[in-house]
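Heads up, the thing below is written out as structure tokens.
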Amino acid sequence: MSTVPVAKPAPSSSVAAKNAHNIDSMLKEKRVFKPSAKFAAAARIGSFKKYEKMYKASLKDPDQFWGKAAKELTWFRTWKKVCVWKPPFAEWFVGGKINASVNCLDRHLDGPLRNKAAIIFEGEPGDVTTLTYQQLHREVCLVANVLKKHGVKAGDRVMIYLPMIPEAVIAMLACARIGAPHSVVFSGFSAEALKERINDCGAKVVITSDGGFRRGVALKVKRNVDEALLGAPKVKSVLVVQRTKQDVTMTPGRDYWLHEETQQVSSVCKAEPFDSEHPLFILYTSGSTGKPKGILHTTAGYLLGCHLTTKYYFDLRPEDVYFCTADVGWITGHSYVAYGVLSNGGTSLIYEGAPNHPEPDRFWRIIDRHKVNIFYTAPTAIRSFIKWGDEWLAPHDLSSLRLLGSVGEPINPEAWMWYYEKVGGKRCPIVDTWWQTETGCHMIAPMPGATPLKPGSATLPFFGVDAAVVDDNGNETEPNVGGKLVIRRPWPSMLRTIYGDAARYRKTYWSEIKGCYFAGDGARRDKDGYFWIVGRIDDVLNVAGHRLGTSEVESALVSHPDIAEAAVVGRPDELKGQAVVAFVTLKNGVQAGPGLKEALRAHVAKEIGPIAKPDEIRFAEGLPKTRSGKIMRRLLKEVAASPTGEIKGDTTTLEDLNVIAKLKQAED
Ligand code: WT7
């Protein structure tokens, strides 16, 4: 390790003392991109003034705003009260009766949408299947009737463990149709993870498949279910979709082929009305510690949130082909592959496999082949594309794209610029959407035809969302002073509780800042009120009295032309409190070396200041990520703090165990 300049001592001025618990923000991004006149002219919200006016009105009288918006959904009975708020428990559209599957399907069957594609599916081997709204409706009714045949009643939980195939959406809507809350588990999760979730929610039916195709192999999905069920005795039936036709073990009396079962039931399944607050699904989110939390969402409010944000943020039109790359196992797959897209009568393109199979241009090939108009992906994917090289885009015509989305973590300004120029051809707005499993739908994001964009900022809140950055006492921080990101009033698509653990719900989300929802992110607002997420509060570094968000240091590293990806963590340091340790991966073809380390330190010093200069830089082949692509900083902290690079922590959610083995060898 080379010497680092001795840090200046912790500042003791009154300003610093006052901000002791705030986060110092150093990254300054100056670029601004206004919506093009052409995009604005056709958009639903075509000027910033219109957004501001609607936003102000929505906060002034939320009941009026949400009540009016909710009329866009189809109801069996209208609500009596828009919101009943007994903190921290909310009920929305109380007294209303609704069915989510009717909103996603039946209501489109009387008009021109009937024969339009609801789902375009491309399998990894290249097979394409299209389901019109009419066809999707029929499939959903059949599966709903199969569920009933297997004894599923309103309120019963159904587990869905499926790869990215149309049956995943069909299964979700079939559950919604009969009021059985679904719980989708990402099909890449282990048997152990599946078992734990089945038992936590007490599911009695599992919908799965023989497998799915990923990187050219048929995954053994059913085998994981068999293993999980050894420890989940309450499951009565397993319904198996045939996708790969590989051999699987079928346990008589428990396991049934879904395509055989659907032959035995009627294709008519009347949709029942359910209370607005009827549970729609439970989705487990791991968090960094402790047992997974079963996030509970209910019907009407969730659906309204998905419907409106899809309509306004993606400006989705029936003629668009919309491609979201998220798996149905995550909230993005629930809200923006299924519910929000279908309730708007959109066309959702679903792709089964890996982005680099058979080659790293698969997504560009799909966009070209299906003439995709709206593309929604994650910064981690964008950084992979950059790493793989621009030459993979060149042969493909991406001119059908008109809007790009980003979700999952702060998008580094350099990745933003690449996405904007190389994928969007400088014509597509980038809608950077900040939200969470818990929030159900987008909370902070730019209106594509209205909000001037700043690379790296999720910009401003959605209608009715009272977002703020506050200090520990709940007071709003000054511009550019970091603090905690909170939401100060309830919103329709908020989680209702943690399934079976209301005390944990209260403690996790509603106890940090009085009267506010807090789910762990640090942020700052700039002088224009734009939100900049600086990372998870738990990851904030404290370097010689300066509190630095990880994402700013990472963005500075990624803005160096040789760097593909970076993760920054703190290591205990006697002198400074914490030292900055950076794990970086290089772009293809770049050589690591001591010269590069010095160059990177100098680069960070120039971009955000000497205080953020990494004390240690490790070149890694890959970074440890969860299966949804989030960097596991907890593991990196352990690697950074231990002289031998040992880690003892839980690695069950890790995508690739080899990464850790390689990290230990990564030389400093
Ligand atoms: C956490 C939520 C929301 C669906 C996918 C992830 C981070 C998400 C952004 C963004 C900065 C973001 C936050 C948030 N995050 N989107 N656009 N900019 N950070 O859902 O697994 O529940 O994770 O992801 O830290 O709290 P999730």
Side-chain angles (χ1 to χ4, degrees), residues 99-105 118-119 121 123 129 131 133 135-189 194 197-198 201 203-212 219 221-222 224-225 228 235-244 255-263 265 267 269 271 279-284 297 299 303 326-335 337-339 341-343 348 350 352:
N99 185 305
S101 88
V102 166
N103 278 275
C104 292
L105 300 168
I119 291 176
F121 168 70
T129 312
L131 285 166
Y133 273 92
Q135 291 166 333
L136 181 61
H137 177 263
R138 183 183 149 85
E139 296 300 321
V140 167
C141 289
L142 286 167
V143 174
N145 281 335
V146 171
L147 288 170
K148 283 195 205 163
K149 177 172 173 255
H150 284 266
V152 178
K153 299 202 173 50
D156 290 345
R157 276 81 59 210
V158 172
M159 220 71 197
I160 299 176
Y161 186 66
L162 282 170
M164 276 301 278
I165 54 177
E167 286 80 358
V169 176
I170 293 169
M172 287 160 75
L173 293 174
C175 290
R177 194 161 190 89
I178 62 170
H182 54 72
S183 184
V184 183
V185 173
F186 173 54
S187 65
F189 270 145
L194 177 63
R197 288 159 176 76
I198 291 174
C201 75
K204 65 177 187 189
V205 170
V206 178
I207 306 180
T208 187
S209 72
D210 54 355
L219 300 173
V221 176
K222 173 66 165 60
N224 279 350
V225 175
V235 172
K236 295 279 171 292
S237 308
V238 179
L239 305 170
V240 188
V241 175
Q242 193 171 43
R243 165 68 186 147
T244 61
D255 300 352
Y256 302 84
W257 288 108
L258 189 62
H259 64 277
E260 290 175 4
E261 290 297 288
T262 51
Q263 311 253 304
V265 295
S267 63
C269 177
L280 183 63
F281 64 86
I282 298 160
L283 181 61
Y284 287 87
H297 282 288
T299 309
L303 196 63
D327 193 279
V328 281
W330 318 122
I331 189 71
T332 310
H334 286 58
S335 305
V337 170
Y339 290 106
V341 189
L342 299 175
S343 85
S348 191
I350 297 178
E352 176 182 35

Q. Can Asn224 and Thr208 be said to form a side chain to side chain contact (heavy atoms under 4.5 Å, CB included), step by step?
A. CA-CA 10 Å; Asn224 279 350; Thr208 187; over 6 Å; no

Q. Is there a side-chain contact between Ser209 and Pro163 (heavy atoms, below 4.5 Å)?
A. yes

Q: Assign the ring pair His259 / Trp257 to parallel, tilted or perpendicular, where the plane angle (0 to 90°) is split at 30° and 60°.
A: tilted

Q: Can you sort out the partners of Tyr284 under side chain to side chain donor-acceptor pair (under 3.5 Å), two or more places apart, ordered by chain and number?
A: Asp200

Q) Looking at CE of Met172 and CG of Leu162, how far apart are the two atoms once the value is rounded to the nearest 0.5 Å? A) 10.5 Å

(Q) Show the nearest heavy-atom pair for residues Ala100 and Ala176, with the distance to one decimal. (A) CB-CB, 4.1 Å

Q.
Could you check whether Lys222 pairs with Asp210 (Lys NZ or Arg NE/NH1/NH2 to Asp/Glu carboxylate O, under 4.0 Å)?
A. no

Q | Shortest non-hydrogen separation from Ala174 to Ala144 and the atoms involved | A | CB-N, 3.6 Å

(Q) Counting C-beta onward and ignoring hydrogens, is there a side-chain heavy-atom pair between Leu194 and Phe189 closer than 4.5 Å? (A) no

Q. What ring pair (Phe, Tyr, Trp, His ring centres under 6.0 Å) pairs are there with at least one residue in residues 149-170, not counting sequence neighbours?
A. His150-Tyr256

Q: Please identify each residue that fulfils ring pair (Phe, Tyr, Trp, His ring centres under 6.0 Å) with His137, with sequence neighbours left out.
A: none

Q: Measure the OG1-CG distance between Thr299 and Asn99 for me, rounded to the nearest 0.5 Å.
A: 8.0 Å

Q) Looking at Tyr339 versus His334, is the centre-to-centre ring distance below 6.0 Å? A) no

Q | Shortest non-hydrogen contact from Val152 toward Val205 | A | CG2-CG2, 3.5 Å

Q. Residues two or more places apart in sequence or in another chain: which of them pass side chain to side chain donor-acceptor pair (under 3.5 Å) with Ser335?
A. Tyr302

Q. Taking side chain as C-beta onward, heavy atoms only, is Leu342 less than 4.5 Å from Val169?
A. yes

(Q) Less than 4.5 Å apart, side chain to side chain, heavy atoms only: is that true for Arg197 and Met159? (A) yes

Q) Minimum heavy-atom separation for Asp156 to Gly151, with atom names? A) OD2-O, 3.6 Å

Q: Compare every heavy atom of Gly123 with every heavy atom of Arg243, then report the nearest pair and how far apart it is.
A: NH2-CA, 3.6 Å

Q. Should Glu139 and Pro166 count as side-chain neighbours, where that means a heavy-atom distance under 4.5 Å?
A. no

Q | Student check: side-chain heavy atoms of Phe281 and Ile160 closer than 4.5 Å | A | no

Q.
Taking side chain to side chain contact (heavy atoms under 4.5 Å, CB included) as the criterion, tell me which of Leu239, Ile178, Val265, Leu258 meets it with Val143.
A. Leu258

**Q.** Gap between atom CD1 of Ile170 and atom SG of Cys175 - 0.5 Å precision
**A.** 12.0 Å

Q: With sequence neighbours left out, write down each residue that passes side chain to side chain donor-acceptor pair (under 3.5 Å) with His297, or none if nothing qualifies.
A: none

Q | Minimum side-chain heavy-atom gap Ile165-Ile350 below 4.5 Å | A | no

Q | Any residue meeting side chain to side chain donor-acceptor pair (under 3.5 Å) with Asp327, in chain and number order, not counting sequence neighbours | A | none

(Q) Give me the atom names and distance for the closest heavy-atom approach of Val337 to Ala326. (A) CG2-O, 3.8 Å

Q: Any chance you could measure Gln263, atom CD, to Leu142, atom CG, to the nearest 0.5 Å?
A: 9.5 Å

Q: To the nearest 0.5 angstrom, please state how far the CZ atom of Arg157 sits from the NE2 atom of His182.
A: 14.0 Å

Q) Roughly how far, to the nearest 0.5 Å, is the SG atom of Cys201 from the CD1 atom of Ile282? A) 5.0 Å

